[in-house]
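Proteins get letters first, then strands, A, B, ... in listed order; numbering begins at 1 in each. Owing to the predicted nature of the structure, the values given are computational and were not obtained by experimental measurement.
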Number of protein chains: 2
Amino acid sequence: MLIPDAYSADCPTRQVLDRVADKWAVLLLGLLSREPMRFNRLRRTVEGLSQKVLAQTLRSLERDGLVTRSVFPTVPVTVEYAITPLGMTLAQTVDQLRIWAETHMPEVAACQRRYDAARAEAA
Amino acid sequence: MLIPDAYSADCPTRQVLDRVADKWAVLLLGLLSREPMRFNRLRRTVEGLSQKVLAQTLRSLERDGLVTRSVFPTVPVTVEYAITPLGMTLAQTVDQLRIWAETHMPEVAACQRRYDAARAEAA
DNA sequence: CTGAATCCTACCGGATACTG
DNA sequence: CAGTATCCGGTAGGATTCAG
């Protein structure tokens with residue numbers, strides 16, 4: 001399925017994969033694909049995501065041109081993050097993963113139980 | 001795009017995301033979607049993947065029911081990994097990511113250069 | 001509110017050696 | 001060949017504090 005070159009360390013495809021393989025980035029992209037949001041709102045919405053990692057992830061997404069960062073000079077300052085057209089194309093692609101997850105999660109969970117049961121019995 | 005529940009820690013969707021967000025798992029799934037392979041062949045093919053992590057990842061994939069592990073009692077022993085029908089559906093979904101990467105990688109790279117240039121100039 | 005800076009720890013993962 | 005076990009260093013990331 002994947003082209004052979006993707007398995008050498010310097011393949012561009014693998015560089016992209018490094019970014020997409022970031023759980024938080026995927027989650028944030030999904031959120032922002034629905035509506036722009038502010039920093040603390042994102043922080044409160046995504047459970048288990050620290051403010052440090054949130055800031056890092058948002059910076060990466062901005063650097064990749066997937067989201068924009070807009071500062072409004074209110075008091076106190078307001079910062080809004082929004083998805084870009086480019087980011088939207090990725091969000092749509094990644095959304096297929098969510099659909100797969102919803103469809104096949106029960107089967108995966110069943111496989112895990114079977115695997116664990118077999119190992120417990122062997123021991 | 002993503003459903004609200006996906007942002008709580010105990011959502012099934014997020015559990016699946018944890019697995020998909022594994023670069024090596026994605027790479028291995030892509031390889032095995034083409035043909036069954038043996039341990040050392042996978043090891044040699046995927047550059048930068050240590051044998052320890054390879055073993056771990058293959059065990060996870062097997063536990064999730066995405067690949068099968070077949071032992072042939074030859075001397076020395078032969079172990080072959082093959083993708084399952086379930087794994088194949090995920091591989092096809094994930095392959096969309098590769099297509100996105102190939103299509104948009106140049107644009108992402110351009111955005112990165114612009115971002116880095118802007119920051120360098122500011123400093 | 002939106003971060004950046006510091007400190008500190010847990011865990012990931014590499015290297016190596018050993019086994020069936 | 002196909003792993004497991006052990007050791008060990010680097011680093012991601014949590015907690016906390018401070019700033020604009």
key: d(CG, Leu42(A); P, dC1(C)) in whole Å   = 13 Å
query = For Glu80(B) and dG3(D), what is the distance between atoms CD and P respectively, to the nearest whole Å?
reply = 12 Å
dC1(D) phosphate, OP1 or OP2, under 4.0 Å from Thr78(B) side-chain N/O = no
inquiry  = From the set dT2(C), dG14(C), dC7(C), return the single nucleotide nearest to any side-chain atom of Phe39(A).
reply    = dT2(C)
task = Please figure out whether Pro76(A) or Leu49(A) has its closest DNA chain D nucleotide nearer the 5' end.
result = Leu49(A)
query = Within the pair Ser50(B) and dG13(C), is there a side-chain N or O less than 4.0 Å away from OP1 or OP2?
reply = no
task = Tell me what Tyr81(A) touches on the nucleic acid: a base, only sugar-phosphate, or nothing, going by heavy atoms under 4.0 Å.
result = sugar-phosphate
inquiry  = If I take atom CZ from residue Arg43(A) and atom CG from residue Leu54(A), how far apart are they, to the nearest 0.5 angstrom?
reply    = 7.5 Å
task = Report yes if a side-chain nitrogen or oxygen of Arg38(A) is closer than 4.0 Å to either non-bridging phosphate oxygen (OP1 or OP2) of dC1(C); otherwise report no.
result = no
task = Measure from CZ on Arg41(A) to P on dT2(C) and round the result to the nearest Å.
result = 11 Å
Main-chain N/O of Leu28(B) paired with Tyr81(B) side-chain donor or acceptor, under 3.5 Å = no
message = Can you measure Gln56(B) atom CD to dA15(C) atom P for me and round it to whole angstrom units?
response = 14 Å
note = The nucleotide from dG14(D), dT6(D), dC1(C) with an atom nearest the side chain of Lys52(A) is dG14(D)
request  = Check whether any side-chain N or O of Thr93(B) sits under 3.5 Å from a backbone N or O of Gln96(A) as a donor-acceptor pair, and report yes or no.
outcome  = no
ask   = Roughly how far, to the nearest 0.5 Å, is the CZ atom of Arg69(B) from the CG atom of Leu61(B)?
value = 13.0 Å
remark   = Rounded to whole Å, the CG-P distance (Leu54(A) to dG13(D)) equals 13 Å
inquiry  = With a 3.5 Å distance limit and no angle check, can you tell me whether Tyr115(B) reaches the backbone of Gly65(A) through a side-chain donor-acceptor pair?
reply    = no
task = Spell out yes or no: do the side chain of Gln51(B) and the base of dT4(D) have one donor N/O and one acceptor N/O closer than 3.5 Å?
result = yes
query = dG3(D) phosphate, OP1 or OP2: any side-chain N/O from Arg69(B) under 4.0 angstrom?
reply = yes
ask   = So what does Val77(A) hit on the nucleic acid, given a heavy-atom distance under 4.0 Å: a base, only sugar-phosphate, or nothing?
value = base
query = Roughly, in whole Å, what's the span from CE in Met37(A) to C1' in dG3(C)?
reply = 19 Å
task = Could you state the atom-to-atom distance from CG of Leu58(B) to P of dT4(D) in whole Å?
result = 10 Å
Residue Arg59(A), side-chain heavy atoms: nucleotide from dT4(D), dA2(D), dA4(C) that is nearest = dA4(C)
ask   = Separation of Arg44(A) atom CZ from dT2(C) atom P, in whole Å?
value = 8 Å
